[in-house]
Amino acid sequence: MPRPTIDAARFWSTIEASARIGEGRDGGLARLALGEADRDARDLFASLAREAGLALTIDRMGSMFARREGARPDLAPVLIGSHLDTQANGGRFDGVVGVMGGIEVARALDDAGVVTTRPIEIVNWTNEEGARFSPPMVASGVFAGAYALDWALARVGDDGPTLGEALDAIGYAGTAPVGGRPIDAYLELHIEQGPILDAEGTRVGVVTHGYASHGFLVEFTGETAHTGPWPMERRRNALVAGARLLVAADDIGWEHAATGGKGTAARLVAWPNKPGILSDWAQVVCDVRHDDPAVAEVMAEKLRRAIRVAAARAGCEARVLDTWSWGGRIFDEGLVGAVRAAAAARGHSHRDIASQAGHDAYFMARVCPTAMIFTPCQGGITHNNRELCTIEDLAPGLEVLLDVALARAGEGP
């Protein structure tokens, strides 16, 4: 029986088909979760899955699972996946490579006539980006038991509807339970979203762990007043409180930048946010992260203190609406070793690397052995319409994904 191999041109055609859905700025995508463009991307995934003979199931969070049956359907499946939603100024490869890579794995196994022992499933997770509904990675979080289903479905999008309502609107409110079933392993192929692999000319990143990250959703409340006559000492400007917190997050990042730390001022919304009036409400999203979990916790404590200081200086009240933490040494050493061995066996240059961004793999690591494979992206530019990869960038990582998935699923009855 021939060794399974990817069809690079066929895989690239699925990337190009996805890139025609939800076009944003020149060359990029604006495919926010559960909008019309996301629906169309989901339709494409469903069509590709059916063409490949895969059985499609949709869970109550709208995550899509395309199953290639194994000789032993009773065994827990090997899960491969990522996401199809993008940021407002997103690229064509972030997330998409992992989903379409899973489809190509199934096709390659079919081409070689391989029957795996375990089933293999390809998943498209709902709302990984969190660009419309906060927090990010919410569907995989529910799957892993980190969030309650009803809480997740009640998340309110920037444009009004809840996540559950948006699922209904695009016809992707599934009926399958979310999680609660055994998974043998989870594999996620992803562009690096950083410059290291591209700068070195390294073909495959073996992801050993994730940066420890702590995120905060904070609400400030104050009082509206006229911007002209109202005395400074009586002002309770929630917009100023939010701005102070975001500056503090950035400052904390710079304090730890020499050792790779990052502090991110991600989002500020306020009301009324108009000239001539002070805002009585503001909401902020910010985070800190570091490769060393102990340092990341120190940074997080500085940010917690900054919340109180920002509120006090602006004469406002602060309420932490949500927090999230992920990262650390969460990936399975045996599975990571399998990725490393597969890259070596293929003759691809490779290196151990940390993931600095959040991924669905972080939550899946709570419920099953998990590993990630990174591919180079040119200049490390991502969450940007200039995000760029070639098939030469992607093919080595895809080959490693195929080999590890097959080894994990087993061959034969």
Close side-chain approach of [X] to [Y], heavy-atom, < 4.5 Å:
| X | Y | result |
| --- | --- | --- |
| M299 | K302 | no |
| L75 | T117 | yes |
| D292 | T259 | no |
| L84 | M100 | yes |
| V400 | V339 | yes |
| V114 | E411 | yes |

Checking side-chain hydrogen bond (donor to acceptor under 3.5 Å, both in side chains) for the pair H83/D85: CA distance, chi angles, key distance, verdict? CA-CA 6 Å; H83 61 97; D85 66 314; 3.1 Å; yes
Over 12 non-hydrogen atoms of neighbours within 6.0 angstrom of [atom1] in [X]:
| X | atom1 | value |
| --- | --- | --- |
| E200 | CD | yes |
| R386 | CZ | no |
| W254 | CH2 | no |
| E333 | CD | no |

For the residue pair [X] and [Y], what are the closest heavy atoms and their distance?
| X | Y | answer |
| --- | --- | --- |
| W281 | V269 | CH2-CG2, 3.8 Å |
| F374 | A354 | CE1-O, 4.0 Å |
| F220 | V284 | CE1-CG2, 4.2 Å |
| P272 | T224 | CD-CG2, 4.1 Å |
| R68 | A106 | NE-O, 3.8 Å |
| G35 | I170 | O-CG2, 3.8 Å |

Which of these passes side chain to side chain contact (heavy atoms under 4.5 Å, CB included) with [X]: [options]?
| X | options | value |
| --- | --- | --- |
| R203 | R351, E392, R346, H350 | E392 |
| F11 | I103, I391, V105 | I391 |
| V97 | I15, D393, L398 | I15 |
| F216 | L321, L303, D322 | L303 |

Result block: side-chain N/O donor-acceptor pairs under 3.5 angstrom for residues 323-330, not counting sequence neighbours:
{"from": "S325", "atom 1": "OG", "to": "H214", "atom 2": "ND1", "distance (Å)": "2.8"}
{"from": "R329", "atom 1": "NH1", "to": "H209", "atom 2": "ND1", "distance (Å)": "3.4"}

So, [X] and [Y], do they make that salt bridge, N to O below 4.0 Å?
| X | Y | result |
| --- | --- | --- |
| D352 | R340 | yes |
| R31 | D40 | no |
| D158 | R267 | yes |
| R107 | D7 | no |

Closer than 3.5 angstrom, by distance alone: can the side chain of [X] be matched with the main-chain N or O of [Y] as a donor-acceptor pair?
| X | Y | result |
| --- | --- | --- |
| S279 | N273 | yes |
| E387 | F93 | yes |
| Q193 | A357 | no |
| R92 | E16 | no |
| R118 | P77 | no |

Distance, nearest 0.5 Å, that separates [atom1] of [X] from [atom2] of [Y]:
| X | Y | atom1 | atom2 | result |
| --- | --- | --- | --- | --- |
| L189 | I373 | CG | CD1 | 6.0 Å |
| D251 | L246 | CG | CG | 11.0 Å |
| L406 | L401 | CG | CG | 11.0 Å |
| L79 | R408 | CG | CZ | 12.5 Å |
| S13 | L48 | OG | CG | 8.0 Å |
| Q356 | H290 | CD | NE2 | 10.0 Å |

Just list the side-chain donor-acceptor pairs under 3.5 Å for residues 130-149, sequence neighbours left out, or say none.
{"from": "R132", "atom 1": "NE", "to": "D159", "atom 2": "OD1", "distance (Å)": "3.0"}
{"from": "R132", "atom 1": "NE", "to": "D159", "atom 2": "OD2", "distance (Å)": "3.2"}
{"from": "R132", "atom 1": "NH1", "to": "A33", "atom 2": "O", "distance (Å)": "3.1"}
{"from": "R132", "atom 1": "NH1", "to": "L34", "atom 2": "O", "distance (Å)": "3.1"}
{"from": "R132", "atom 1": "NH2", "to": "D159", "atom 2": "OD1", "distance (Å)": "3.4"}
{"from": "R132", "atom 1": "NH2", "to": "D159", "atom 2": "OD2", "distance (Å)": "2.9"}
{"from": "S140", "atom 1": "OG", "to": "M137", "atom 2": "O", "distance (Å)": "3.1"}
{"from": "S140", "atom 1": "OG", "to": "D360", "atom 2": "OD1", "distance (Å)": "2.6"}

Pairs flagged by side chain to side chain donor-acceptor pair (under 3.5 Å) wherever residues 168-182 is involved - sequence neighbours left out: D43-Y172, E121-R181
Can you list every pair that meets side chain to side chain donor-acceptor pair (under 3.5 Å) and has a residue in residues 236-249, with sequence neighbours left out? R236-E317
Looking only at side-chain N and O atoms, does Y362 offer a donor or acceptor that is under 3.5 Å from a partner on S213? no
For residues H190 and D94, is any side-chain donor paired with an opposing acceptor at under 3.5 Å? yes
Do R10 and D111 pass the salt bridge (Lys or Arg N to Asp or Glu O under 4.0 Å) test, and can you show the C-alpha distance, the side-chain angles, and the key distance before you say yes or no? CA-CA 12 Å; R10 180 175 61 192; D111 290 346; 2.8 Å; yes
Which atom pairs, donor and acceptor, lie under 3.5 Å between side-chain atoms of residues 53-62 and protein residues at least two apart or in another chain?
{"from": "D59", "atom 1": "OD1", "to": "M61", "atom 2": "N", "distance (Å)": "2.9"}
{"from": "D59", "atom 1": "OD1", "to": "G62", "atom 2": "N", "distance (Å)": "3.1"}
{"from": "D59", "atom 1": "OD1", "to": "S63", "atom 2": "N", "distance (Å)": "3.0"}

R42: what forms a salt bridge (charged side-chain N to carboxylate O under 4.0 Å, His left out) with it, not counting sequence neighbours? D38
